[in-house]
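Take a look at the structure below.
Each chain gets a letter, A, B and so on, in the order the sequences are listed, and its residues count up from 1.
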Protein chains: 2
Amino acid sequence: MLQLRDLPTKETLKKFAQRYPQADISAVSAFLHLLRLATDLSVALDTCLSRHGLLQGRWWVLILLMREENLTSTPSALADKAGVTRATMTGLIDGLERDGLVERLLDSRDRRSVSVKLTAAGQSRLDTVMPDYYRRLHDCMAGLNEVDRERLHEILNLIGSGIEAFNR
Amino acid sequence: MLQLRDLPTKETLKKFAQRYPQADISAVSAFLHLLRLATDLSVALDTCLSRHGLLQGRWWVLILLMREENLTSTPSALADKAGVTRATMTGLIDGLERDGLVERLLDSRDRRSVSVKLTAAGQSRLDTVMPDYYRRLHDCMAGLNEVDRERLHEILNLIGSGIEAFNR
DNA sequence: CTCATATAATTAGGTGGCTAATTATTAAAT
DNA sequence: ATTTAATAATTAGCCACCTAATTATATGAG
């Protein structure tokens, strides 16, 4: 994400804008503050999760499995939903299996395939993590009323639709 | 970062809220969308930078050096400003030095210390990267007027002041 | 002056991402 | 029926981050 602690001041931005006249100072400022806060939130989330022996990658796998009717999915489906590669998912499942939070089951119909199932220990781990996460997140967002939250969504969507400018 | 592609629907959130009554659904939704967009922005930025042989870590080092009057700083100061450890900064400087974008200079007054200086090649690299970055960012943010940008700052600040809820 | 402590940078080793290559199996085309 | 292509999972090796330990040097207290 954005590690940078030392965000540019208005003066620094103006100085750069002298050399690079393309610079849109308020756009840079909004962009950097957004990345900065998101990074802080992500680090804070990991801090919370690490108290329970998890980090985001493994935590999402448990949640994705809990969403399933039979608490079961495949590595490839999990990788797609979690937004990581299959290679990365193999590693995450390795770690979760080592900790006994999920188990791998062979599929008799397609012998290429593997099922991953949330174990009782995995469910129980979620049952201690999730209330803690929800409570902290509620407290974190307590300063925003419903109108603020809706307005935030709108602004994020506006930025999101401009993101392709980077990929052109 | 938030890798997760498959953000929970309202239904999924409600289902989880039945098991975990602490859940504040609109808070979770705002939180996840914020992390999601920031991740997409960060990936998009890296895409842009990688066209110029850089990623965020190395790019920030070059920018931090360019901010300095004499284009020079130390690994420890750079690490603090960039928000990474000194060990990580050693690696980033190694890479930049290998590419000839910065140079290490010994400090005669304190022989523990090393100076890192932006080379002409480093400045020239920035002179091609920055206009590209600024133009794309301007286009990305074109959907937000100044009022939106100010409102976004306010909302981010509100969330930021709640972040300690995660670290308690 | 010397010893303990602090500081600067690096090295070593771990984690969670990535891509590319490999292995096993299934499906499809000739 | 056999070959070819696609798919599922894994392995191997790279990168950027981390913490902890190490090396070299500087500083301050007795």
Whole angstrom value for the distance that separates [atom2] of [N] from [atom1] of [X]:
| X | N | atom1 | atom2 | result |
| --- | --- | --- | --- | --- |
| B:Leu106 | D:dA24 | CG | P | 15 Å |
| B:Trp59 | D:dA16 | CH2 | C1' | 17 Å |
| B:Leu49 | D:dA16 | CG | C1' | 14 Å |
| B:Leu54 | D:dC15 | CG | P | 15 Å |
| A:Asp80 | D:dT7 | CG | C1' | 12 Å |
| B:Trp60 | D:dA16 | CH2 | C1' | 17 Å |
| A:Leu105 | D:dA8 | CG | C1' | 16 Å |

In chain order, what residues pass the side chain to side chain donor-acceptor pair (under 3.5 Å) check against [X], with sequence neighbours excluded?
| X | answer |
| --- | --- |
| A:Ser113 | none |
| A:Thr85 | A:Thr88 |
| B:Gln22 | none |

(message) For residues 124-133 of chain B, which residue pairs pass the side-chain hydrogen bond (donor to acceptor under 3.5 Å, both in side chains) check, not counting sequence neighbours?
(response) A:Arg19-B:Asp127, A:Tyr20-B:Asp127, B:His52-B:Asp132, B:Gln123-B:Asp127, B:Asp132-B:Arg135, B:Asp132-B:Arg136
(message) Whether B:Arg67 and A:Asp6 form a salt bridge (side-chain N of Lys/Arg under 4.0 Å from carboxylate O of Asp/Glu) is what I want to check.
(response) yes
(request) Please collect all salt bridge (Lys or Arg N to Asp or Glu O under 4.0 Å) contacts where either partner lies in residues 147-162 of chain A, sequence neighbours excluded, each pair once. (result) A:Glu146-A:Arg149, A:Asp148-B:Arg151, A:Arg149-B:Asp24, A:Arg151-A:Glu154, A:Arg151-B:Asp148
(message) Base contacts versus sugar-phosphate-only contacts with protein, heavy atoms under 4.0 Å: please encode nucleotides 6-19 of chain C as B, S and - from 5' to 3'.
(response) BBBSBB----SSBB
